[in-house]
Number of protein chains: 2
Amino acid sequence: MSLIIPHTGRRVPCEQCPLRPLETFRDFTAPEIKFVSHFKTGEMMAEPGAVIVSEGAHSAHLYTLLSGWAFRFKTLPDGRRQVLNYLLPGDLVGLQGSVIGEMDHSVEALSSVVLCVFQRDRLDELFGAHPGLGFDVTWLAAQEERMLDNHLLSLGRRTALERTAYLLSFLHERALALEMGKRVQIPINQQHVADTLGLSIVHTNKTLRKLTNMELIRWLGGACEVLDLDGLMDVAGWEGLSRRKRPLI
Amino acid sequence: MSLIIPHTGRRVPCEQCPLRPLETFRDFTAPEIKFVSHFKTGEMMAEPGAVIVSEGAHSAHLYTLLSGWAFRFKTLPDGRRQVLNYLLPGDLVGLQGSVIGEMDHSVEALSSVVLCVFQRDRLDELFGAHPGLGFDVTWLAAQEERMLDNHLLSLGRRTALERTAYLLSFLHERALALEMGKRVQIPINQQHVADTLGLSIVHTNKTLRKLTNMELIRWLGGACEVLDLDGLMDVAGWEGLSRRKRPLI
DNA sequence: CGCGGTATTGAGACGTATCAAAGGAAGTGG
DNA sequence: CCACTTCCTTTGATACGTCTCAATACCGCG
């Protein structure tokens, strides 16, 4: 179940990118879109479970997630796994590798996924020709940092119940920003939750049960639905994401 | 004990920055140094315990730590505190705020500290005039992200002993990269360690005692000395930092 | 029908938190 | 120079949250 299907053909021209019209993304100027379009060299698809980039790799590519869900993770030598963050459409994949030179974590698809492919070595070109886009890359990195700060706070100082509530409301909010109005389903299983929150799978199960009994969420086997976002955020003691518009590269 | 001493005078011209000659920092071209020098508007000093920037603030400044130690942290509404990362000379302070617009965490000085002050709103100028420096800012953000990934792995998947060993070897390595050869003293107390690792202070104390008995560290009341770096890294199951040269802005 | 991946549940063990108390070092004011 | 405070560290006892082990149930799929 570990399929990656590269194809050079481009189905989605940047000018008609389905993401760009969404509320969350800031408007780009015509030259900016043109540059991004020129920067993009192709698309890549992957099925759930496929490893998109792996730790230690020296990838020549940088991606933007066009559709689907994925997650970043690291593993300890003995196999213990930690999920670092989740990737949703519009997120850059592999920036660390592109900027620093070597990936320090792996990325795996949660659902079927389509990625826009960029040439890593043309990143300087982007900074040179479009300082605004360069700034945007930094913006995205800072935003990721901010999410990690929150996750760290969660792991370090929240109880199992609070953490779980935080994670699910976080993911729900992120998805909601993209699919306004639609019914959101988070495509994760309990092992993912456990590996994200630093909990055992058994205790994760018991904690999710509590949230289910409180009628805050619904578990669907391979996916999760948030029934009461405010309630969840309340349990977590979390304020929610900023509503600021973000760049899309 | 919460002193911040701003002064507009500049004692350290960038051309004679004491950090720049160090091994860890990459060479800058003359125009780059000139720009950074022009970008810098002054210096600021702070004493241990002083809050340099605080959560929610909308700061007009961006800093580089010139000397001393500091740390970033967040707090939950009920007061639980989580240390996110430590700041050492050469680190940018307040980048998130400058790029996104609002600080999401606070920064506090651990030791006496000197900061170079930059005008936040001239950051675009940097990206515009020196794409290479813009790239460097992104590089630094990516590097911070990488450290946070490692901390997350630690909190999520390492035991108390492993975590503590990781933290101290991490800080020791970072300091070592700056003060090659010198005897490194990490200016933290056990409360900081506890708040970094998500442990209670009592358990932190007992864990530090174990490391002390193993003769891996020495505790000095208000500071810590690493006696056996390899031993510590072994306990932590950690590979160490990359030896790559970094930019200094 | 049987199988692999996933979710569920109970029981006991272990790691870490909490509570409580005391010792040491540094600084302050009398 | 001594009492006194304050901050930091240390230690023991007990409580609690989470882990591990073990077993069962569930479900889609070949």
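Protein chains get the first letters and strands the later ones, always in sequence-line order, with residue 1 at the start of each.
- Each of Val202(B) and Ile188(B) lies near DNA chain D, and the nucleotide nearest Ile188(B) is the one positioned closer to the 5' end.
- Atom-to-atom, CG of Leu197(B) to P of dA17(C) comes out at 10 Å; the value is rounded to the nearest Å.
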field: Derivation and outcome, side-chain hydrogen bond (donor to acceptor under 3.5 Å, both in side chains), residues Glu144(B) and Asn85(B)
entry: CA-CA 9 Å; Glu144(B) 174 74 13; Asn85(B) 201 6; 3.2 Å; yes
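- To the nearest angstrom, C1' of dC21(D) lies 16 Å from NE2 of His203(A).
- Per the geometry, CD belonging to Gln190(B) stands 16 Å off P belonging to dG24(C), to the nearest Å.
- Across all strands, Asn205(B) comes closer than 4.0 Å to base atoms (heavy-atom distances).
- Between Arg209(B) and the phosphate of dT9(D), there is no side-chain N or O to OP1/OP2 separation shorter than 4.0 Å.
- Side chains of Gln82(B) and Asp149(A): no donor on one and acceptor on the other come within 3.5 Å.
- Taking the side chain of Ala160(B) as heavy atoms from C-beta on, and the options dT18(C), dT18(D), dT16(C), the nearest nucleotide is dT16(C).
- What separates CD1 of Ile186(B) from P of dC8(D) is a distance of 18 Å, to the nearest Å.
- Tested against His151(A) for a ring-ring contact (aromatic ring centres under 6.0 Å, His included), the candidates Tyr86(A), Phe71(A), Phe170(A) yield a single pass: Phe170(A).
- In this structure, the CG atom of Leu220(B) is 12 Å from the P atom of dA26(C), given to the nearest Å.
- In the model, His192(B) has a side-chain atom that pairs as donor or acceptor with a side-chain atom of Asn189(B) under 3.5 Å.
- Between the CG atom of Leu199(B) and the C1' atom of dT18(C) there is a distance of 14 Å, given to the nearest Å.
- Between the CG atom of Leu155(A) and the P atom of dG17(D) there is a distance of 19 Å, given to the nearest Å.
- In this structure, Leu208(B) places its CG atom 12 Å from P of dT11(D), rounding to the nearest Å.
- A donor atom on one side chain and an acceptor atom on the other are not found under 3.5 Å apart for Gln190(B) and Thr204(B).
- Two residues, Ile201(B) and Gly198(A), neighbour DNA chain D, and the one matched to the more 5' nucleotide by heavy-atom proximity is Ile201(B).
- When each of Asn189(A) and Arg157(A) is assigned the nucleotide of DNA chain C bearing its nearest heavy atom, the one mapping closer to the 5' terminus is Asn189(A).
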